[in-house]
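Every chain is numbered from 1 and lettered A, B, ... according to where its sequence line falls, protein lines coming before strand lines. All of these numbers come straight from a predicted model, not from anything done at the bench.
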Amino acid sequence: MTEREWIRRAEGGDAEAFGALVRLHQNGVYGFCLRMTGRREDALDLTSEAFLRAYRSLAGFDVTQPFRPWLLRIAANLCRDHLQARQKRPTPVEDAVLADLPDSDPPPPGQVLAAHDRAAVRQAVAELPEPYRTTVTLHYFNQLSYQEISEALNIPVGTVGTHLYRAKRLLRKRLVEQEVAT
Amino acid sequence: MNGKGCWDDMTLDFFRMGLLEAAEAEAVRSHVQGCPTCQARLGALDLEDLRLEAALALTREEADVLMAADLPDRLAAQVSGGRRGAWGLASGLVGLGLAAAAGLQGAVLPWLQGLPLGGWMSAGHWAPQLTSRLFRWARSLLWSPPESQLDILVPLLAAGLVIILLNLWQRRRGLSPFHH
């Protein structure tokens, strides 16, 4: 049975079909939530909530469109709300501010990330500002294309590219700082 | 672009991503083909992408946590239970509606017509006559066995039709408890 058929059946109230959809996409949604929040319990809660919200909204989903970006958009919105609620004083990070982050001597691409272990890279990703972390996770973990990320986050494709470029620049910088600190 | 004609990191990254305009992309491509330095930089960017993908992938331990949570079955049971709850709510609302209707015709309507409670039961009004028939039918069903299959089928079909019509009406208003 195809994903589209599972979706149609789940929309009609078939709990088994909904369970099949969860089975199909749970790794992607859970991994995304985990990389966004850094906490397993939170990630599990958010994953459950994302699927339940998707189930309730299936009637409004266009089955001719890909399901995964739509589902991840729900997860991304939930994670953003969760992270904002977690902060005592939420401070939205504007692109202009992020663009002005000091980067006097950026290390060369490739060499820095290659030299660090997975845990250090994950930690550096976890410390990225939320919009960059979302873009990086959707692209490098969920393997969404720039176009799909653009549609999921409702931002222009060029902005996706800018977010990814700046995120990697920040990652290189932070990994170098970690290395110096240790 | 520096003195050697090499492009900056951002332009190279955008070139890889396919985000440059056609003319600029062609200019970068023709430069990279003859520039070992830029070829190496592009290779480093590709390697960096692979490292990021590997670093962000779920570890076995993280995947085990997810498996232990048993989300597919748990969530399927939850939505299934939700639907049962919705049916229960709908049944309750129907019961409430019937009770309200009974109260209306037994107390409110007679009061509006200036009659004592139940005073119009003998006034030839259609509502009490219909109610009386329904009560007689319900009593015969409860205290004596039905004489034919129609005695059971007709009321059940009528009740089902009422529920379906109510559901369709509620769906049109987007309020149906049967529909998530």
For this session: For the pair F15(B) and W7(B), evaluate ring pair (Phe, Tyr, Trp, His ring centres under 6.0 Å) and give the outcome as yes or no after the intermediate values.
Result: CA-CA 10 Å; F15(B) 170 69; W7(B) 301 86; 9.2 Å; no
In short, T37(A) meets L83(A) closest at the heavy-atom pair CA-CD2, 4.3 Å
Could you walk me through whether E177(A) and R174(A) satisfy the salt bridge (Lys or Arg N to Asp or Glu O under 4.0 Å) test, starting with their C-alpha distance in whole Å, then the side-chain angles of each, then the deciding distance to 0.1 Å, before giving a yes or no? CA-CA 5 Å; E177(A) 286 169 357; R174(A) 289 190 181 174; 5.4 Å; no
Item to complete: Show your reasoning for whether salt bridge (Lys or Arg N to Asp or Glu O under 4.0 Å) applies to R9(A) and E5(A).
Response: CA-CA 6 Å; R9(A) 284 181 54 184; E5(A) 285 164 345; over 6 Å; no
In terms of heavy-atom pairs under 4.5 Å with chain B, the winner among L52(A), L24(A), V157(A), V160(A) is L52(A)
Cut-off 4.5 Å, heavy atoms of chain B, and the answer for F18(A) is side chain
Under 4.5 Å to a heavy atom of chain B? For V136(A) that would be both
The interface call for S145(A) against chain B, heavy-atom contacts under 4.5 Å, is neither
Honestly, the part of L71(B) sitting under 4.5 Å from a heavy atom of chain A is both
Whatever's closer than 4.5 Å to a heavy atom in chain B on V125(A) counts as side chain
Checking heavy-atom separations under 4.5 Å from chain A, one finds in residues 54-67 of chain B A54(B), A55(B), L56(B), A57(B), L58(B), T59(B), E61(B), E62(B), V65(B), L66(B), M67(B)
Shortest non-hydrogen pair, Y55(A) vs G13(A), comes out as OH-CA, 3.6 Å
| message | Between R8(A) and D14(A), does any NZ, NE, NH1 or NH2 come within less than 4.0 Å of an OD or OE carboxylate oxygen? | response | no
* Asked: CG of D70(B): more than 12 outside heavy atoms within 6.0 angstrom?
  -> yes
Review point. Is K168(A) paired with D13(B) through a side-chain N to carboxylate O contact shorter than 4.0 Å?
Key: yes
Okay, R35(A) and chain B: the region with an atom under 4.5 Å from a heavy atom over there is side chain
In terms of heavy-atom contacts, I155(A) and S150(A) come closest through O-OG, 2.6 Å
